[in-house]
Amino acid sequence: KVTAQGLNARNTNSHFGSSIDLRGDLMIVGSPYLTHDKNPVVPTQTNYGGAFIFLRTNGKWAQQGWISPPVNNNGSYQDATSTLFNPSLYGSSVSIIDENTIVIGAPNYKNSKGNVTGAIFLYGFDSVNYEWVLKNAYESPFTDNSQFGYSMDYRNGILVVGSPNTGFTSYSNNTVSGTNIGSASIY
């Protein structure tokens with residue numbers, strides 16, 4: 001059994017274990033409703049999420065660290081502000097690419113245009129400073145509340161990212177209309 005360690009790591013309703021990925025001796029566990037004070041500019045963030053990294057050494061799992069959502073220039077999280085979708089759900093999905101690269105999904109993340117569409121975040125391990133560093137953020141390719149990053153999986157060099165709320169007006173030769181039709185983006 002593993003549990004989250006650290007300040008505010010095990011608060012009520014954090015949903016630790018909502019997503020999990022394991023590769024060799026590396027495990028990542030999502031906690032999409034985690035409340036924490038890791039952000040020095042805005043000290044207490046409610047329900048912003050996180051992901052915990054564990055390493056197995058000599059058969060025992062130990063927490064290596066944890067990752068919180070990236071902050072913008074004013075110190076606030078790029079996050080939805082409506083009552084229903086307040087948390088970004090950062091950590092709803094997690095995927096390990098290799099021992100030095102992970103991806104974390106936030107399906108309610110607010111994009112650069114202010115729309116709640118979702119995003120995924122690619123991190124690399126910095127072995128000099130012994131920390132996970134944000135390498136890139138990928139916003140949803142959709143304009144609606146697609147929840148890009150709701151689910152994902154990586155196998156054989158391919159990352160597939162789920163967007164269950166995507167709506168389409170047409171698809172190929174068939175006409176499909178409506179919302180929450182969904183899609184899977186392949187990278």
Side-chain angles (χ1 to χ4, degrees), residues 2 4 6 9 14-34 36 38-39 45 47-56 61-72 77-80 85 87-112 115-166 182-187:
V2 296
S14 65
H15 294 259
F16 177 85
S18 291
S19 58
I20 299 170
D21 198 13
L22 173 70
R23 183 177 298 234
D25 292 326
L26 179 65
M27 177 172 42
I28 182 171
V29 180
S31 186
Y33 290 93
L34 179 69
H36 55 80
K38 194 170 182 179
N39 180 349
Q45 301 294 324
N47 295 335
Y48 281 84
F52 294 82
I53 313 297
F54 296 88
L55 286 176
R56 180 172 49 192
W61 290 97
Q63 185 174 315
Q64 178 191 34
W66 69 286
I67 302 170
S68 63
V71 296
N72 63 19
Y77 293 102
Q78 291 292 314
D79 188 81
F85 295 110
S88 66
L89 300 180
Y90 180 90
S92 288
S93 61
V94 295
S95 190
I96 298 170
I97 304 299
D98 58 41
E99 63 274 358
N100 294 310
T101 312
I102 59 174
V103 184
I104 301 172
N108 283 356
Y109 205 76
K110 187 184 287 186
N111 68 15
S112 58
N115 300 319
V116 180
T117 58
I120 59 172
F121 301 89
L122 179 72
Y123 292 86
F125 186 69
D126 177 351
S127 59
V128 173
N129 296 310
Y130 205 71
E131 65 183 355
W132 290 92
V133 178
L134 180 65
K135 296 294 184 183
N136 211 335
Y138 299 93
E139 294 181 350
S140 172
F142 308 104
T143 57
D144 58 357
N145 182 23
S146 62
Q147 288 200 306
F148 179 77
Y150 183 87
S151 59
M152 73 175 110
D153 194 19
Y154 177 84
R155 293 286 183 273
N156 301 322
I158 299 171
L159 179 67
V160 181
V161 181
S163 305
N165 288 348
T166 303
S183 69
S185 302
I186 302 169
Y187 297 92

Requested in this report: May I ask you to decide if the ring planes of Trp66 and Phe52 are parallel, tilted or perpendicular, using 30° and 60° as cut-offs?
Outcome: parallel

Query raised in the report: Taking only residues two or more places apart in sequence, or in another chain, which ones meet Glu99 in a side-chain hydrogen bond (donor to acceptor under 3.5 Å, both in side chains)?
Result: none

Query raised in the report: For the atom pair CZ (Phe148) and CG (Asn165), what is the distance rounded to the nearest 0.5 Å?
Result: 13.5 Å

Query - Backbone N/O of Val103 and side chain of Ser95: donor-acceptor pair under 3.5 Å - result: no

**Report entry** Residues Arg23, Asp21: salt bridge by 4.0 Å N-O rule
**Finding:** no

Query raised in the report: Aromatic ring centroids of Tyr130 and Phe125 under 6.0 Å?
Result: yes

Requested in this report: Measure up the Tyr90 and Tyr123 rings against each other and bin them: parallel (under 30°), tilted (30 to 60°), perpendicular (over 60°).
Outcome: perpendicular

Query raised in the report: To the nearest 0.5 Å, how far apart are OG in Ser93 and CD1 in Ile20?
Result: 13.0 Å

Requested in this report: Sequence neighbours left out, what passes side-chain hydrogen bond (donor to acceptor under 3.5 Å, both in side chains) with Ser92? Give chain and number order.
Outcome: none

Requested in this report: Only counting residues at least two apart or in another chain, list the ones meeting side chain to side chain contact (heavy atoms under 4.5 Å, CB included) with Val133.
Outcome: Asp126, Glu131

Report summary line: When every non-hydrogen atom of Trp61 is compared with those of Asp25, the smallest separation belongs to CZ3-O, 3.5 Å

Query raised in the report: Does Ser146 reach the main-chain N or O of Thr117 with its side chain, forming a donor-acceptor pair under 3.5 Å?
Result: yes

Query raised in the report: Do you know which two heavy atoms are closest between Tyr154 and Gly157, and how far apart they sit?
Result: OH-CA, 3.1 Å

